[in-house]
Peer 1: 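I'd like to ask you about the structure that follows.
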Amino acid sequence: MGGSALTEAPPGGARSPSGDLGRLAFGFLAVSALSGLALVPFFSPAHALESLERLHDGMPWGFFLRALHAYSSFGLLVTTVAHLVQVLARRTERQLSAGAWWRSVLLFPLTFLALLSGFVLRGDAAAAEALPVWSRIAETVPFLGPELQRLLLGVIPGDVGAISLHHAGTFTFLLWLITAEHGRRLVPDARSLVLAGLVSAALAGAVPLTLGPPPGASPSGAAQILLGPWYLLGLQGALVDLPVPSAWLAPLLLVLLLGFVRGADGRARRLLLVLAGAWVAAWVGFTARILLLAR
Amino acid sequence: MFRAPALIAALFAALLGFLVASGRESERARGTGRGPDRAGARTERCVSCHVKPEEDPGGSHSRAALGCASCHLGNPLAFGKERAHGGLEREPGALSTAAMTCGREGCHPREAARVASSLMTRASGIVSVDRFAFGEIPSPDSNETVADALAAARPTPAGLHLRKLCAGCHLGARRANRDDAIHGNGSGCAACHVARLTKVDPSRAHPPIDAHVPNDRCFGCHSRSGRISLTYEGLAEVEPHQIGGGSRPCAAVKLADGRPACRVAPDVHQTAGMSCIDCHLHTELMGDGMARTHEEEQVEVTCEACHGPVRVGGEVPWSDVKDAISLEIRERENRREDFLRKGKREGSAPDAPTRLGSRGTPILNLLRNSSSSSSSSSSSFVWTLIRKLDGVVLPVKQTPRDANHARKGHERLSCSSCHTAWAPRCDTCHTTFDAARTQWDFAAGKPTAGAWMERSEGFSWGPPLLGVRSDGRIVPAAPGMILDIDATAVDGGKTSRRLLAPMEPHATGKKARTCESCHRAPAAPDFEVGTRTGFRGLNAAEKRRVAAARLEPR
Amino acid sequence: MSSRRDFLGELWRGTGGALLAASALILHRALRAAAPAPRETTLSAEAVSRAIAEGGAEWGDLFVTGPPSAPAALSLACTHLGCRVRPASSGGFACPCHGSRFTADGSRTAGPARASLSRALLERRGASWVARL
Ligand code: HEM
Ligand code: HEM
Ligand code: HEM
Ligand code: FES
């Protein structure tokens, strides 16, 4: 790349009909993948928590590396949502072929799967609670539930080996592949990468990431609500009131709503968007619900 | 989005973040231990900081083998102090966490399980007799534990009495919430197995952990109530006003918790250097998994188990012993050059005989060896006792088959009713509730309103009274609960109790008590009932027989 | 000519599809077979009597309770989504994930869980007890 890549106006640039946020999201994805790669030599699925502790407090700047990875992935989630809003606001859906659009919509659940699988890799007490929950949710998928569960979580109870391969391999690869397809570029442009890197670094430096105690290390205290990661609180809240299959039905519904937006016009499009908006409002509401319950 | 202002703002933010992070980084580097971080085959970051030699309990629980977290919990993977110390157990052995520490899988789960059933944990004898004395339950035999009593939402007067006075002595009590007589002991398992913390020790050395439990661990609790630890050492507690001005001469001493006492003759076993664990079996102390109410139900060892005549089935070859814990200890001690080795080696042969407590637990340190003469009669063997703490071998005298032990009319007497030289007597105790004062509350773990005040006209000591157990045996008894209870301030009544408690005073004398001490004693005072179902003082007919019996020349 | 090319194209596609289907089938069979073995937990007689003496105690992911004549084990896995339930200060158990509550004998009282905690009588086997849950 070199210096010239930074000064060159990015292709499309501000003139891009869909705005800048897609490119910025790609930048965050790349920072995630690069920082994830940097975590690889330090991480062991068999000693997940131990290896992360060693990295977090035992290696120079290890805590920063971890936080960089986490915040860039949060950045990816936030900018993807913003990017989608931008796309919908500017009505540029049809820039993509129908197939590419449907695949792009899948980037949403994929991003959540990447985030969630990363959370489970910590191997601390909170991560250990998350595992059975995801395993039971996968089991409620009709016909292929148990198979899906074993495919995603692996066949060794409590082991995160399979999940770590999905996290760094399957999900990352699919995210990149689909992004590259619909963004029509193999790698993000240099400016997006730099900006995403700076924002992630700023957050990583200022707000340290935590790491919990090992599972079962100390007496289980009085029962309260244990909050999951922030981006899944909506789901945690929803599961208090809704039946378990809603954990995969609701994302499926959102994918369908957004997927059909591209082919819809006028009132149909508006209806789909209102429904999608209601979906998001419900998510926010359920986030509030679980926060209130935990107090 | 990709213009200069955005870049400059982001650069600025990143710089700021970087500054904060570099502060954190230098702190991190300073707060990380440099020592090796393994204990046994596990990663234990604890030992990377805790490197001082005095921070090692040593022995089989050495830092090198177990690290710290096996007992102290916390987070053994964390590098920084704060996170490593999250969820720490500062009093390992405490029963609330014992299943995760001493009793964890692979260590001592069996023992931890038993201790939960031990009477020293449950203290249900204290609870039920107290309730009975207050007139709250009809019989002194209930299964209520001290934990139940402390958890009651609305304590009865006796419940309040337990909370304020008695409930500081049980194995579930943590250090900060105890009777002051046992402040230096560890908690739960550690109350016995860890050396006492003394305030004078400046190095705060990690106390060693072992199975050789000296008497000082027992003393705190057992110097209260029946006061057997005091009696055994030859100490008779008195009230401060009895020192000097009393009617009896008193070589005064002051106990560590401030109580005054007079020096009296110690138990002959104490004089022989024996400690509590030389007689008392693991099933009595740690429990055997069965919940019992009273102390004499928990105790297994008897005078006869060592001194004979042994009960039928009380002496068996080791190959018939069932108790798994004893078998394990014996095997271990046989391998090691330890106390069993210091006895004659024959005692450790597989078919060597052993003598058993009343429920079949062998007395490990009692060994039969051949005496120097080599005839084949049973008298060619001698029983010896090995002191567990120092390995000294003592001969164990067997009860002679003489006239004294075959005296007509004395068949029902227990050994200790004749061989006990003295027992403490507390025959005046006035207990009132003073609502205006505050007093420590073992349920709340802090002082709360209301205090039980105890006042006594003084203690005395002398040959014990005798009482009749439900099985007809005559045993020493203490007029232990001669008390007036005034619980009107807590909606209770006024009660006056004259209760008789069966007890082993632990004051075995060199000589048996004299015949006169029973047969010429003033008529024994009348007591209400005993503190156990079926236990009572001598009835009128028995008293008449004692008085009428002619004193034979000794 | 062109029909022959079409046919070859179909052949390629058909073979590919069959290959894919066969792989999916094989994967499916392998995943099906990987069901975890039924679990048995062995508890020592003493651990059981301690648990009963204490009014019930945790043992791994089980909770062992009385009566002494017929001890039983409750699974601590919440019947909603499997989080580990904890003893609640108000008695019984509470789940930290979505707030389900259970009584001391495992019956559900509140929250999204529908079923009671699974419960099994312990079976005597020699000197120990076995929980099959
Ligand atoms: C991981 C998440 C995503 C990333 C990293 C990403 C990235 C990108 C990039 C780099 C572009 C090209 C923008 C440009 O050159 O100006 C783009 C365009 C676009 N994206 Fe995304 N995107 C993501 C998710 C989505 C989702 C979920 C949708 C829709 C459901 C979507 C719809 C579109 C559309 C319609 C365009 C316009 C294509 C065009 O202008 O040619 N994207 N995205
Ligand atoms: C080459 C690709 C990647 C590799 C090798 C990788 C590796 C890792 C590793 C080893 C961890 C555990 C470290 C920790 O928790 O501190 C982790 C955590 C995580 N990863 Fe990745 N990752 C990759 C890509 C991604 C991507 C693309 C995303 C997001 C879309 C992502 C999101 C996360 C998240 C959210 C965590 C949890 C952080 C936390 O809360 O502790 N990772 N990743
Ligand atoms: C989505 C991406 C990928 C995933 C999820 C994935 C997953 C796995 C898994 C689970 C294994 C272990 C299989 C076993 O030992 O039974 C494995 C092994 C391996 N993978 Fe990957 N992989 C991915 C991509 C790649 C790529 C791109 C390459 C090379 C270009 C690669 C090369 C290998 C090799 C050489 C092995 C060792 C195979 C052996 O010797 O048995 N993988 N992979
Ligand atoms: S897992 Fe227990 S309430 Fe959801």
Side-chain angles (χ1 to χ4, degrees), chain A residues 6 9-10 12-14 16 19-21 23-24 27 47-65 67-68 71 79 86 123-125 189-192 194-208 210-214 216-221, chain B residues 1-34 37 42-45 48 69-70 72-89 94-101 104-105:
Chain A
L6 288 173
S16 162
D20 303 330
L21 288 169
R23 278 184 287 141
L24 190 59
H47 309 278
L49 184 59
E50 182 182 341
S51 63
L52 287 181
E53 285 282 7
R54 199 168 284 279
L55 171 70
H56 189 81
D57 276 340
M59 306 282 171
W61 292 91
F63 69 93
F64 184 74
L65 198 56
L68 193 66
Y71 285 112
T79 46
Q86 209 171 35
D124 59 9
D189 65 277
R191 287 189 177 198
S192 307
V194 168
L195 202 58
L198 286 175
V199 172
S200 310
L203 287 168
V207 193
T210 57
L211 200 55
S218 38
S220 53
Chain B
M1 172 82 47
F2 298 115
R3 290 172 195 280
L7 179 67
I8 290 170
L11 257 176
F12 197 71
L15 199 68
L16 220 65
F18 182 78
L19 279 179
V20 176
S22 52
R24 232 177 93 83
E25 166 62 22
S26 64
E27 224 172 87
R28 180 202 67 81
R30 255 184 285 121
T32 303
R34 303 260 184 268
D37 64 356
R42 297 176 327 278
T43 297
E44 269 260 1
R45 288 295 311 169
S48 71
S70 313
H72 283 280
L73 303 179
N75 182 348
L77 301 177
F79 278 63
K81 173 177 167 190
E82 206 163 295
R83 292 192 45 250
H85 289 189
L88 213 59
E89 174 53 88
L95 296 188
S96 55
T97 54
M100 311 177 74
T101 59
R104 65 167 61 210
E105 210 52 49

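All values below come from the heavy atoms of this structure, side chains included, with hydrogens, waters and symmetry mates left out. Naming: A, B, ... by sequence-line order, numbering from 1 per chain.
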Peer 1: I'd like to check the side chain to side chain contact (heavy atoms under 4.5 Å, CB included) partners of A/Pro60; sequence neighbours left out, ordered by chain and number.
Peer 2: B/Glu25, B/Arg28
Peer 1: Under a 4.5 Å heavy-atom cut-off, does chain B meet the side chain of A/His56, its backbone, both or neither?
Peer 2: both
Peer 1: Does A/Asp57 pair with B/Lys81 as a salt bridge, N-O distance under 4.0 Å?
Peer 2: no
Peer 1: Using a cut-off of under 4.5 Å on heavy-atom pairs, state which of B/Leu16, B/Thr32, B/Val20 scores highest against chain A.
Peer 2: B/Val20
Peer 1: Could you please spell out the steps behind the side-chain contact (heavy atoms from CB on, under 4.5 Å) verdict for A/Leu198 and B/Leu7?
Peer 2: CA-CA 9 Å; A/Leu198 286 175; B/Leu7 179 67; 4.0 Å; yes
Peer 1: Please find the pair of heavy atoms, one from A/Gly212 and one from B/Asn75, that lie closest to each other, and give the distance.
Peer 2: O-ND2, 4.1 Å
Peer 1: Ignoring hydrogens, what is the shortest heavy-atom contact between B/Pro76 and A/Pro214? Give both atom names and the distance.
Peer 2: CD-CG, 4.4 Å
Peer 1: Taking all non-hydrogen atoms of both residues into account, name the closest pair between B/Leu77 and A/Glu53 and its distance.
Peer 2: O-CB, 3.3 Å
Peer 1: Minimum heavy-atom separation for A/Leu195 and B/Ala10, please, with both atom names.
Peer 2: CD1-CB, 3.7 Å
Peer 1: Under 4.5 Å heavy-atom distance to chain A, tell me which part of B/Leu11 shows up: side chain, backbone, both or neither.
Peer 2: both
Peer 1: With rounding to the nearest 0.5 Å, note down the distance linking CG in A/Leu55 to CZ in B/Phe79.
Peer 2: 9.5 Å
Peer 1: If you tally heavy-atom pairs under 4.5 Å against chain A, which of B/Leu19, B/Thr101, B/Thr43 wins?
Peer 2: B/Thr43
Peer 1: Report yes or no: does B/Arg83 contribute a side-chain atom to a donor-acceptor pair with the main-chain N or O of A/Leu211 at less than 3.5 Å?
Peer 2: yes
Peer 1: Need one label for B/Ala13: side chain, backbone, both or neither, based on atoms under 4.5 Å from any heavy atom in chain A.
Peer 2: both
Peer 1: If we define contacts as heavy-atom pairs under 4.5 Å, which of B/Ala9, B/Ser22, B/Ala29 has the most with chain A?
Peer 2: B/Ser22
Peer 1: How close do B/Ala21 and A/Phe64 get, heavy atom to heavy atom, and via which atoms?
Peer 2: CB-CD1, 4.1 Å
Peer 1: With sequence neighbours excluded, what pairs up with A/Thr79 under the side chain to side chain contact (heavy atoms under 4.5 Å, CB included) test?
Peer 2: A/Leu24, A/Ala25, A/Phe28
Peer 1: Is A/Ser200 in contact with chain B via its backbone, its side chain, both, or neither, using a 4.5 Å heavy-atom distance?
Peer 2: neither
